[in-house]
> 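For reference, the structure I am asking about is given below.
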Amino acid sequence: MYDTIKKAAAAFGFAEAFFLAPLKLDFWRIQAEKWGVGASLHFDPAMTYPHAGCILLLVYPYAPFAAEERLSAYYLASQRGYFATKSLINRLQALGISCEMASVPARALALANGVGIAGKNGILRIGALGSRFALYTLALTGCAPSVAAPATTPCPPGCNACMQACPMGAIEKDGLHATRCMRYFMDKAEYPFFVYEVLPTHMGCELCQAACPKNALLARGTPTVEERAAFSLPRLIAGDSAAARTLVGRNFTGNGKLTAEAVSFAARAGVYEAEIRAAMENTPFPAVRRVAEWAVSRYFS
Ligand code: SF4
Ligand code: SF4
């Protein structure tokens, strides 16, 4: 069964498939409660999915874009990986293998099973894939845990590249301080202004991964013409975010989130003042009005 599942996963673009033990993640739960994150994830996979023999961890790799791109290759790949996961579930079920999506903390479960290493930036690295992948988890019935993880080397002694690259000062010699990372402030459509001041890419920040020597040998990608068009600044500032939201997923991009980000990128570059003023008047979204008012007073007055 293992080979069948791995071959099916590879056919849908997954670089790795690990059959993880459904370990209880008490330490993760304590940290998540302390930081107020991960409420939708289950820290005890065996209790939540009692019929699962293991949790299948699927690793969907992507080629990162150049650090100066405003588009994140991760979020585009993450959406493609989501649909690949749905297709894989259908394929496995057609083969008589029972499985379902599992809402578990993928990174923490991987580490607990000895898959990969958390770098100083807190991000999971797995062997030659570096940290450039999206993760998905399935509860799999009738399959015992079986983990053959590739060797992953730890951070080189004295390496501080991620620490120096982080615009939030979130990484120190002892590792990541998650509540300082800008991602911590970006779950809703409105971000604090100090995030809009430094946000490098739509929906997140990958500067610590871009600087990491463990990712240096990975192939680079570039956005397609369609992706660039969907994320063009004037289009987003005008409120036309439908195509962009389709590419990166609609669940986390509502209430003007992408438009508000586009306003901040344009204002920092000193362009599209008229369009930003128009958005300030016409938008139905408080998040956009708020950032447009900030942008006009901070960059164009
Ligand atoms: S994602 Fe960005 S803000 Fe967060 S730790 Fe990495 S560099 Fe810093
Ligand atoms: S930049 Fe260096 S210290 Fe930071 S995660 Fe990568 S290897 Fe580790």
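Order of listing sets the numbers, starting from 1, for every ligand and every atom in it.
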> List nothing but the number: protein N/O/S atoms under 2.8 Å from atom 2 (Fe) of ligand 1.
1
> Identify whether the distance between the nearest side-chain nitrogen and carboxylate oxygen of E172 and R180 falls below 4.0 Å.
yes
> Report the distance from atom OG1 of T137 to atom CG of L140, rounding to the nearest 0.5 Å.
11.5 Å
> Using residues 89-104 as the side-chain source, report each donor-acceptor pair under 3.5 Å to any protein atom, sequence neighbours left out, with the distance given to one decimal.
| from | atom 1 | to | atom 2 | distance (Å) |
| --- | --- | --- | --- | --- |
| Q93 | NE2 | C99 | O | 3.0 |

> Establish, from distance only, whether the side-chain atoms of R125 and T152 form a donor-acceptor pair under 3.5 Å.
no
> With no hydrogens and no angle check, is any side-chain donor or acceptor of R289 less than 3.5 Å from a backbone partner on T283?
yes
> After noting the C-alpha distance and the side-chain angles of F231 and H202, does the key distance pass the ring-ring contact (aromatic ring centres under 6.0 Å, His included) rule?
CA-CA 9 Å; F231 280 86; H202 279 289; 5.1 Å; yes
> Do T153 and K214 get their side chains close enough for a donor-acceptor pair, meaning under 3.5 Å?
yes
> Of all the atoms in ligand 1, which lie at a distance below 4.0 Å from a heavy atom belonging to L176?
5 (S)
> Taking 2.8 Å as the upper limit, name the protein N, O or S atoms near atom 8 (Fe) of ligand 2.
C155 SG
> Near F252 CZ, under 6.0 Å, is it more than 12 heavy atoms from other residues, nucleotides or ligands?
no
> For ligand 1, which atoms have a heavy atom of I171 less than 4.0 angstrom away?
5 (S)
> Hey, mind stepping through Y60 and F14 against ring-ring contact (aromatic ring centres under 6.0 Å, His included) and telling me if it holds?
CA-CA 5 Å; Y60 193 84; F14 296 99; 5.4 Å; yes
> Would you mind listing every side-chain hydrogen bond (donor to acceptor under 3.5 Å, both in side chains) that reaches into residues 262-276, with sequence neighbours excluded?
E273-R277
